[in-house]
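Every heavy atom of this structure was used, including side-chain atoms; hydrogens, water molecules and symmetry mates were not.
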Amino acid sequence: MSEDSSISIRDQASLSFAGNVIDAAISFLGLIAFAYVLGADGLGRFYLILSVVQVALFPLRGVGQAVMKRGSEAGMAPNEYFGAGLTVGGLYVSSVVAGVVGLYRFNPELLGVPVDVLAAAASVFGVRALLILCIDTYRSYGKTGRATLVDNAMGIVETVLQVALLAAGLEITGLLAGTSIAGVFVGGGVFRFTPVGLAAPTRLHVKRLLSFAKWSVTNSGVSTLYDRLPVLVLGAIATEAAVGYYSSANRLLMLGSYVGGSVAPALMVKASVNSSEEGSSDPVSDLVEASNYVSSLSIALAFGSFAFPTVLMGTFFGPEFATREAGNALIALSVYHVINPFTTITFSFIDGIDKPWVVAGANSVSLVVRTVIVWRLGVECVLLGVICGVIVSHGIFYTIGQLSIRNEYGSIIVPKKVSYQLLSGVFMYVVVTALSRSISVGSWEVLFAIIAIGGSVYVLSVLLLDDHARGIARGVVGRL
């Protein structure tokens, strides 16, 4: 790691989260436009194609993790590991594209998509591969917050271009092309304005990268399939509308999981530095602190979803989404998003202390469990069954992570402060439910007013109950 190894997890996570909020807000507006133009079926078809691309990117995400881990170690040079990552990643991307072209030439009907959509999807694959490596290299400098801002810039530019191309009548092809064009612009900015640059790797760099990547690529592949499995199963056993309900509800709740995603890179890099540098502090204290508050936003969103799920889905995505099935999907997925931030930071920490094989084992076991449960419950109960399978398998995944922490440090992590957030969520639910029953929620203005009141009740309740949260809030206000 070429820069100061003193990393403030709170500062980097705050920077990441601020960018994620802006990105999420703009992307969410784009999603609303997608839903209104494409409908539930068209939106579901787009997400199915995107899921295939994301699954194909899993080796690059694993290589990116390896670049971030090795580049962040004490005394290491990140750009040499970036060069090693490009060497490995370039071979993979070339092989996949060549294979797809060969399949299309052999039988154009085999892949089941028009050639323009196929070409756009291939361009997304190549551009995202390069951007993944660029951003993870930037993170290895300890700039995890700024690196996330780069990713956020990608999301914002992507959404603007997608909406413009959608308005031009390009539909799914336009959505994919917007992603590719945005990636080219943002990738060029990374090379121009950050320390990330090309440097020729030595054989030692490639060897050390591959020693971690053999696990991180496995983890990335398994976790990508683990995350995308519900959409793929719904695509096989249900309607495209069900895929649209699932994906839209997931996006509505994604902001809560962004907290874990914002904390995880900084936690991993700091754990990597501390575990590779003699005399450093015990890294597990950072995990304990993060666990107390990482699901605070997810809990608020969950109780809000419990109050008026169908109204939320219908107001945000249109009358086609104002169904009991869509509302139930929102309620069930909100439970998953409460659990998810805990798992995100736990396994990022385990990666940071250089134990990627533990993550690989946990991912593999959880994938087997998810495959069996999601398919079985999905066949019986379709959309709701799939989501219940997601919740159960993710609970098992988190349990495995906690047992791994106990084996390493002698005890599990008990986030005691979460009880204050749950109680505050109950207060918020009571207020929001009362308002929604006494006032007709027939417009955006009324909905946002109720959400604002509910959010205020939640925040004030947490601050009244939790003295540590009050201290954090005073520190944040004092720095403004």
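Screening Ser216, Ser272, Ser140 for a side-chain hydrogen bond (donor to acceptor under 3.5 Å, both in side chains) with Lys69, the sole residue that qualifies is Ser272.
Counting heavy atoms from C-beta on, the side chains of Lys355 and Trp215 never come closer than 4.5 Å. In this structure, the side chains of Ile391 and Ile339 come closer than 4.5 Å at one or more pairs of heavy atoms.
When all heavy atoms are compared, the tightest approach of Val462 to Ala469 is CG1-CB, 4.1 Å. Smallest separation of non-hydrogen atoms from Ser220 and Phe58: OG-O, 2.5 Å. The minimum heavy-atom distance linking Gly85 with Leu209 is given by the pair N-CD2, 3.7 Å. The minimum heavy-atom distance between Val294 and Pro341, with the atom names listed, is O-CB, 3.6 Å. Residue Leu60 comes nearest to Ala129 through the heavy atom pair CG-CB, 3.7 Å, listed as atom of the first residue, atom of the second, then distance. Scanning all heavy atoms of the two residues, the minimum distance from Leu301 to Leu253 falls at CD1-O, 3.9 Å.
The main-chain N or O of Met254 is never found under 3.5 Å from a side-chain atom of Ser257 such that the two would form a donor-acceptor pair. In this structure a side-chain-to-backbone donor-acceptor pair under 3.5 Å is missing from Ser291 to Pro415. No side-chain donor-acceptor contact under 3.5 Å links Thr344 to the backbone of Gly260. Proximity of a side-chain donor or acceptor of Asp136 to a complementary backbone N or O of Met68 within less than 3.5 Å is not detected. With Asn219 contributing its side chain and Pro356 its backbone, the two residues share a donor-acceptor pair below 3.5 Å. The backbone N or O of Ile331 lies less than 3.5 Å from a partner atom in the side chain of Ser334, making a donor-acceptor pair. Looking only at distances, no side-chain donor or acceptor of Tyr138 sits under 3.5 Å from a matching main-chain atom of Val150. Judged by distance alone, the side chain of Ser393 and the main-chain N or O of Val390 form a donor-acceptor pair under 3.5 Å. A donor-acceptor pair is defined here as one N or O able to donate and one able to accept, closer than 3.5 Å; no such pair exists between the side chain of Glu158 and the backbone of Gly183.
A donor atom on one side chain and an acceptor atom on the other are found under 3.5 Å apart for Thr343 and His394. One side chain, Arg61 or Gln54, offers a donor N or O that lies under 3.5 Å from an acceptor on the other. At a cut-off of 3.5 Å, with distance as the only test, a side-chain donor of Arg70 or Ser211 sits close to an acceptor on the other residue. Side-chain polar atoms of Tyr141 and Arg146 form no donor-acceptor pair below 3.5 angstrom.
Note that OH of Tyr398 and CZ of Phe347 are 9.5 Å apart. Values are rounded to the nearest 0.5 Å. Expressed to the nearest 0.5 Å, how far CD1 of Ile156 lies from CG of Leu161 amounts to 12.0 Å. To the nearest 0.5 Å, the span separating CG on Leu330 from CE on Met313 amounts to 6.0 Å. Between atom NE2 of residue His468 and atom OH of residue Tyr293 there is a gap of 4.5 Å, rounded to the nearest 0.5 Å. Considering CG of Leu130 and CG of Leu86, their distance stands at 6.5 Å, rounded to 0.5 Å. Note that CG of Leu149 and CE of Met154 are 15.0 Å apart. Values are rounded to the nearest 0.5 Å.
Taking a 6.0 Å sphere around CZ of Phe185, one finds it holds 12 or fewer heavy atoms contributed by other residues, nucleotides or ligands.
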side-chain contact (heavy atoms from CB on, under 4.5 Å) assessment of Val222 paired with Leu225: CA-CA 5 Å; Val222 174; Leu225 184 55; 6.0 Å; no
Working for side chain to side chain donor-acceptor pair (under 3.5 Å), residues Gln421 and Ser295: CA-CA 9 Å; Gln421 297 151 33; Ser295 275; over 6 Å; no
Full working for side-chain contact (heavy atoms from CB on, under 4.5 Å) between Ile181 and Val157: CA-CA 9 Å; Ile181 297 169; Val157 176; over 6 Å; no
Check against side-chain contact (heavy atoms from CB on, under 4.5 Å), Phe397 and Leu367: CA-CA 9 Å; Phe397 186 40; Leu367 176 60; over 6 Å; no
side-chain contact (heavy atoms from CB on, under 4.5 Å) evaluation trace for Ile451 with Leu312: CA-CA 10 Å; Ile451 290 173; Leu312 287 170; 4.2 Å; yes
Asn250 and His337: CA distance, side-chain angles, deciding distance, side chain to side chain donor-acceptor pair (under 3.5 Å) verdict: CA-CA 9 Å; Asn250 215 24; His337 280 282; 2.7 Å; yes
Intermediate values then yes/no, side chain to side chain donor-acceptor pair (under 3.5 Å), Asn363 and Ser223: CA-CA 6 Å; Asn363 275 328; Ser223 63; 4.8 Å; no
Candidate pair His205 and Thr202, rule side chain to side chain donor-acceptor pair (under 3.5 Å), full reasoning: CA-CA 5 Å; His205 288 113; Thr202 65; 2.8 Å; yes
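Between Phe125 and Tyr92, the ring planes are perpendicular. Angles over 60° get that label, and only those under 30° would be called parallel. Taking the six-membered ring where the residue is Trp, Trp444 and Phe316 present perpendicular rings, their angle passing 60° and hence far from 30°.
Cation-pi geometry between Arg370 and Tyr226 is met: the NZ or CZ atom falls under 6.0 Å from the ring centre, inside 45° of the normal.
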